[in-house]
There are 4 protein chains.
Amino acid sequence: MAEDADPARKSIGARRNPASADAILEAAEAVLVEAGYAGFSIEAVARRARAGKPTIYRWWPSKAALLLEVYQRQKRVDVPDTGRLEEDLVGFLNNLFAHWRETSSGSVFRSLIAEAQSDDAASAALADYALGRRSHTGQMVERARARGEIGADIDAALVADLIASFAWKHLLTNRLDEDEATIRKAVHYVMRGIAVPGR
Amino acid sequence: MAEDADPARKSIGARRNPASADAILEAAEAVLVEAGYAGFSIEAVARRARAGKPTIYRWWPSKAALLLEVYQRQKRVDVPDTGRLEEDLVGFLNNLFAHWRETSSGSVFRSLIAEAQSDDAASAALADYALGRRSHTGQMVERARARGEIGADIDAALVADLIASFAWKHLLTNRLDEDEATIRKAVHYVMRGIAVPGR
Amino acid sequence: MAEDADPARKSIGARRNPASADAILEAAEAVLVEAGYAGFSIEAVARRARAGKPTIYRWWPSKAALLLEVYQRQKRVDVPDTGRLEEDLVGFLNNLFAHWRETSSGSVFRSLIAEAQSDDAASAALADYALGRRSHTGQMVERARARGEIGADIDAALVADLIASFAWKHLLTNRLDEDEATIRKAVHYVMRGIAVPGR
Amino acid sequence: MAEDADPARKSIGARRNPASADAILEAAEAVLVEAGYAGFSIEAVARRARAGKPTIYRWWPSKAALLLEVYQRQKRVDVPDTGRLEEDLVGFLNNLFAHWRETSSGSVFRSLIAEAQSDDAASAALADYALGRRSHTGQMVERARARGEIGADIDAALVADLIASFAWKHLLTNRLDEDEATIRKAVHYVMRGIAVPGR
DNA sequence: AGGTAACCGAGACGGTACGTCAAGTCTTCGT
DNA sequence: ACGAAGACTTGACGTACCGTCTCGGTTACCT
């Protein structure tokens, strides 16, 4: 922890104090991990960060904004590039599940989704974020299309959406411990389809 | 409205008063529609239902339980049976999106998912519910398997999960107005796959 | 305890069940002793007596009525008759303090006084009761007057009031452990006065 | 009323707002006068004072504390000094009865006594208060002793207690309308005694 | 160089909602 | 017909946060 050096942070003049901002974001993450979304309140974050509530409200107009910045601050999951889309997608889902499971980002993202159901700003931010991630993840698909691995008319964003949907639902229903075989099967369905070829 | 007949509901003896229960469930739904999840409080429901808070707490131990019963009370979406799985799935998603869009169930279900992120009981209930719906929706897939329309080793529950995931993510990110073409495309990907056949 | 014989008392037909009445009065006293006036609620009494609240309300219209009956059910303090008023009064106060200290009647009476400050029925009942006790206690004084021990024009009721006041104030301010010397001194002041005789 | 000037009192920084404190104490007194001890709830006071409940709880940990401060805020009764103890005591009781009758302090003090029967803090506060008043009232007696008007060995505090007891019991049993003759008689008994002198 | 403006922590403010307890009333069931 | 019992509405309890406000103090920027 960095904040123990300065138990009473002061103003550094008429500008944002990065030490405060950091302390607040760290505290927000810690509160979320320790008390969950239910215990995530601005008061709790302020207490933990030894910050005043107005300092938080000054920079983050809502709980959602704070949540969003906490989430964006975290390391992103790598998008693999093995040369084979199926492997890329399985690897991506594996990485994502592990990341959500093993760091605090799972909790943070769940909270963000929950918050978005009652806060319009969070909702818009989440939609935006999802859009961005969709095109990011879609790059895997686009690379495969460029390689001729999949049909030229395939909608990369839609595929990315399908894959992300699968991940979201697992996150939201506490099923991040899915084994790789299931993930692989799901990806395989999307790659090869489930219909009997001849019909 | 049924409650205007008796503006001051009384006890009907030492047993649950169905009029109160109905009024509470209706009020809960109305509050959710009018004020959204953010305005959905036990107090607001009690006020709207002209019921006492303890009456609500007696029968529904938590906000989640109330939410869940409100959701389950609503009409379910039909699972089509056209003889062709692709049409069934497209029809199902179309129906589901329309149902969520046009009745209050979309709001209710979003709220339930949000609540499940902070309440363990709601989380368990949602997981349970999702499990039940998965096998229910999976019947479409099983029928197709029985018809030989899809491979015999296809995991029906997983397919249902994939389809439901797509719906959930659209619900949670305010994209229920998706046009049928996109839905059809997504279903088609799952049916036929996206990979170039020859490879 | 009498109620352990029948853990589930039933109606005995269209008349008051004395077992219930007794159980309720005993429970009321027990609750008062164990939880004090703060914990004395009709609910608590009903729980402890294994009775329904309406059964209590049927026979005692208010908390005050129940309290009053509990108090009146208890043994009264003896009014001594030693032939000397001073000894009678000291003895009476000693007995009363001991009685209040060592049985539950102190708690009960305190509660009754407290209740009388917010409940008109209790207030009237307490005034009535005090009036009765005043004339009762006044008998000691009247006997002394008949003996010629005190002036013929002495207002016996007023003297009784003065003595009782002293007791009440000690009860209400937790000073029932007053030693006999103080009591004797107070009584002596009333008997002989405090003024220097010659002036 | 002073509060109509500012219908929405705000914080004045990280310290107690005297306007709020005043409004709360005034509201408490008003509620007590208008609704009696039975209607005296923190909620009612908060509503009347246009204050939040937590603001009350922040400064007064219990109903008793609020009651006590309301009582102490009121004007005290004068202790007369006529040069003759008997007149002093009669005057004091007359003033006290009139004060209790004609201002709200009678109600307030009755409530405080009632509260003390169920709240330990109130009980201790009341005992403290009574102790203080006893020595205060006792000054009348001590002055008389210094003048040689009463015996040198007279316990002034005990006499004050006796006089106060008489007042308390009258307050608690709704007999503040006692005529001066009775008061005078009671005081006379304490001054000159009731026993026939020669015996 | 001095004044000012914006920041900082702190914590009080009026509120809303929480989940619980009790009050007193009502109705059905059982005796 | 009446007693027993639990559900009912109502309202207060004491607590947690909400988002806003003002304070006293600090520092950098701009006259």
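The basis for the numbers below is simple: all heavy atoms, side chains too, and nothing from hydrogens, waters or symmetry mates. Naming convention: chains lettered A, B, ... in sequence-line order (proteins, then strands); numbering from 1 in each chain.
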Exercise. For B:Asn17 and B:Lys10, indicate whether the former's side chain and the latter's backbone hold a donor-acceptor pair under 3.5 Å.
Key: yes
Self-check item: Pairwise side-chain contact, A:Tyr37 with A:Arg110, heavy-atom cut-off 4.5 Å (strictly under)
Solution: no
Exercise. Could you tell me the separation between the CZ atom of C:Arg50 and the P atom of F:dA5, rounded to a whole number of Å?
Key: 10 Å
Quiz item: Tell me: CZ of A:Arg48 to P of F:dC17, nearest whole Å?
Solution: 14 Å
Exercise. Check the angle between the aromatic planes of C:Phe109 and C:Tyr71 and answer parallel, tilted or perpendicular using the 30° and 60° thresholds.
Key: parallel
Quiz item: Taking CD from C:Glu115 and C1' from E:dA23, how many angstroms apart are they, rounded to a whole number?
Solution: 12 Å
Self-check item: Whole-Å distance separating the CG atom of B:Asn17 from the C1' atom of F:dA7
Solution: 8 Å
Self-check item: Earlier contact from the 5' end, DNA chain E, for D:Arg15 and B:Pro54
Solution: D:Arg15
Quiz prompt | From F:dC18, F:dT15, E:dC13, nucleotide with atom closest to D:Tyr57 side chain | solution = F:dT15
Exercise. Go through E:dG14, F:dC13, E:dG9 for me and flag the one nearest to the A:Arg9 side chain.
Key: E:dG9
Quiz item: Does A:Ser11 make a side-chain donor-acceptor contact with the base of E:dC7, cut-off 3.5 Å?
Solution: yes
Quiz item: Is any N or O donor-acceptor pair between the side chain of B:Lys53 and the base of E:dG19 shorter than 3.5 Å?
Solution: yes
Practice problem: Using whole Å, report how far CD1 of B:Ile42 lies from P of E:dA17. | Solution: 12 Å
Self-check item: For atom CZ of D:Arg47 and atom C1' of E:dT16, their distance in whole Å
Solution: 14 Å
Self-check item: Check ion pair C:Glu34-C:Arg48 (N to O, under 4.0 angstrom)
Solution: yes
Self-check item: Ring-face cation of A:Arg16 near A:Trp60 (centre distance under 6.0 Å, axis angle within 45°)
Solution: yes
Quiz prompt | Residue whose closest nucleotide on DNA chain E lies nearer the 5' end, D:Arg16 versus C:Glu43 | solution = D:Arg16
Exercise. Give C:Ala44 one of three labels, base, sugar-phosphate or nothing, depending on what nucleic acid heavy atoms sit under 4.0 Å from its own.
Key: nothing
Quiz item: Rounded to the nearest Å, what distance is computed from the CZ atom of residue D:Arg58 to the P atom of nucleotide E:dG11?
Solution: 11 Å
Quiz item: Taking the side chain of B:Thr55 as its heavy atoms from C-beta onward, which of E:dA17, F:dC18, F:dT9 lies nearest to it?
Solution: F:dT9
Quiz item: When the distance from CH2 of C:Trp60 to P of E:dT25 is rounded to whole Å, what number comes out?
Solution: 16 Å
